[in-house]
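Written below as structure tokens is the structure these notes are about.
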Protein chains: 2
Amino acid sequence: MNGDAFDPNCPTRQILDRIGDKWAMLILLVLAQQPRRFNDLRRRIGGISQKMLSQTLKSLERDGLIVRTAFATVPVTVEYRLAPLADGLIGMMGAITAWAEAHLGDIEAARVRYDGARDASAPRDFA
Amino acid sequence: MNGDAFDPNCPTRQILDRIGDKWAMLILLVLAQQPRRFNDLRRRIGGISQKMLSQTLKSLERDGLIVRTAFATVPVTVEYRLAPLADGLIGMMGAITAWAEAHLGDIEAARVRYDGARDASAPRDFA
DNA sequence: CCGTATCCGCATGGATACTG
DNA sequence: CAGTATCCATGCGGATACGG
């Protein structure tokens, strides 16, 4: 193994950016249940603005992770659905969700310990 | 399954934020090789500023994901190493890295297709 | 209904200088 | 060596208004 992951343009960094995107994974997670329309997605994802939904959907479509289909009804109807390429990502989201639920308690406990230690006098170092 | 993942304060969102952090996972990845000192880390992670390294290390320590040990040498020596809690995260990073390397080509191809389609006249919708 | 366009506040994060 | 403190540019992202 080389230092590959530490080049700013490496594959891992790019995917990490996608995963780190504030809304992208949440959208994929909702679409994993079933295809949805724009305002349906909007309602299901708490706190997302119209701008960010539109913007994120576009970038996901560009990356081939979702498919956008517009029907010329009046008014127009648009459906978004997962593309096959997104399957692996959804699988990882499952793992992440499971880990999160299993270990968030540990993390919160660590935070309490850390924050508490600041009062009791600076964190003990070793000699 | 309920809509749990769509509450802004749910476990998954919190972990997603951690994973999405621009530097956190990169740091964990480097520390997964072996424990490192501050400036050693700095050199190994391309493009990180002193401020962000310090800040991210502190938050990782607070979350119980890494352990900081200071030795009272002159000048002082500080070593960072992975905490057991980080193991699951490292495992997921492996999966993410593998997926990234396997599918980045597909993503880039999709982008070319998408960007190219913009010229040839707006993206074809269906009736 | 499905977006795009614009304005703008605010946090993120880099550069730089300084300390134990 | 291992940070902390400060300043400041940039850009993310929310609110709002408008268009197809």
ask   = Does the distance from a Lys or Arg side-chain N to an Asp or Glu carboxylate O, for A:R62 and B:D115, drop under 4.0 Å?
value =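 The answer is yes: the pair qualifies as a salt bridge.
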
Distance test, side-chain N/O of [X] to OP1/OP2 of [N], below 4.0 Å:
{"X": "B:R37", "N": "D:dC1", "value": "no"}
{"X": "B:S49", "N": "C:dG13", "value": "no"}
{"X": "B:S54", "N": "D:dT4", "value": "yes"}
{"X": "B:R42", "N": "D:dC1", "value": "no"}
{"X": "A:K58", "N": "C:dT4", "value": "yes"}
{"X": "B:Y80", "N": "D:dC1", "value": "no"}

Let me know the distance between [atom1] of [X] and [atom2] of [N], rounded to the nearest Å.
{"X": "A:N39", "N": "C:dG3", "atom1": "CG", "atom2": "P", "result": "9 Å"}
{"X": "A:E79", "N": "C:dC1", "atom1": "CD", "atom2": "P", "result": "16 Å"}
{"X": "A:L53", "N": "D:dC12", "atom1": "CG", "atom2": "P", "result": "17 Å"}
{"X": "A:F71", "N": "D:dG20", "atom1": "CZ", "atom2": "C1'", "result": "19 Å"}
{"X": "A:D17", "N": "C:dT12", "atom1": "CG", "atom2": "P", "result": "16 Å"}
{"X": "B:D21", "N": "C:dG13", "atom1": "CG", "atom2": "P", "result": "7 Å"}
{"X": "B:L41", "N": "D:dG3", "atom1": "CG", "atom2": "C1'", "result": "13 Å"}
{"X": "B:K51", "N": "D:dG3", "atom1": "NZ", "atom2": "P", "result": "16 Å"}

task = May I ask you to say what A:Q55 touches in the nucleic acid, namely base, sugar-phosphate or nothing, with a heavy-atom cut-off under 4.0 Å?
result =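 Counting heavy atoms under 4.0 Å across all strands, no contact is made by A:Q55.
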
request  = Among B:E79, B:E61, B:K58, find the one that has a side-chain contact (heavy atoms from CB on, under 4.5 Å) with B:R68.
outcome  =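 In the set B:E79, B:E61, B:K58, the residue that makes a side-chain contact (heavy atoms from CB on, under 4.5 Å) with B:R68 is B:E61.
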
inquiry  = Testing B:V78, B:I45, B:L31 one by one against B:R36 for a side-chain contact (heavy atoms from CB on, under 4.5 Å), which residue passes?
reply    =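 The side-chain contact (heavy atoms from CB on, under 4.5 Å) with B:R36 is passed solely by B:L31 among B:V78, B:I45, B:L31.
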
query = Can you give the dot-bracket line for DNA chain C, using ( ) for pairs inside the strand, [ ] for pairs that cross earlier ones, | for pairs with another strand and . for unpaired bases, where Watson-Crick and G-U count if both distances are under 3.5 Å?
reply = |.||||||||||||||||||

inquiry  = Please determine whether residues A:V76 and A:L41 belong to a single hydrophobic cluster, defined as Ile, Leu, Val, Met, Phe, Trp and Tyr linked transitively by side-chain heavy-atom distances below 4.5 Å.
reply    =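 Yes, one cluster joins them.
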
inquiry  = Using the rule that Ile, Leu, Val, Met, Phe, Trp and Tyr join whenever any side-chain heavy atoms are under 4.5 Å apart, tell me whether B:L60 and B:V67 fall into a single cluster.
reply    =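 In one cluster: no.
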
ask   = Where the side chain of B:T56 meets the backbone of B:M52, is there a donor-acceptor pair that is under 3.5 Å apart?
value =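 Here the side-chain-to-backbone pair exists.
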
ask   = Pick the nucleotide of DNA chain D nearest each of A:K22 and A:P75; which residue has the one closer to the 5' end?
value =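 Per heavy-atom nearest nucleotide, the more 5' residue is A:K22.
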
query = D:dC1, C:dG3, C:dA17: which one has an atom nearest the side-chain heavy atoms of B:V76?
reply =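 Minimum distance to the B:V76 side chain belongs to D:dC1.
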
ask   = Between D:dG14, C:dG13, D:dC1, which nucleotide has the shortest distance from any of its atoms to the side chain of B:M52?
value =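 That would be C:dG13.
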
task = Check whether the side chains of B:R18 and B:S59 place a donor and an acceptor atom closer than 3.5 Å, and report yes or no.
result =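 A donor-acceptor contact under 3.5 Å links the two side chains.
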
message = Could you go through B:M93 and B:L28, starting from their C-alpha distance and side-chain angles, then the distance that decides it, and tell me whether this counts as side-chain contact (heavy atoms from CB on, under 4.5 Å)?
response = CA-CA 9 Å; B:M93 281 305 306; B:L28 292 185; over 6 Å; no

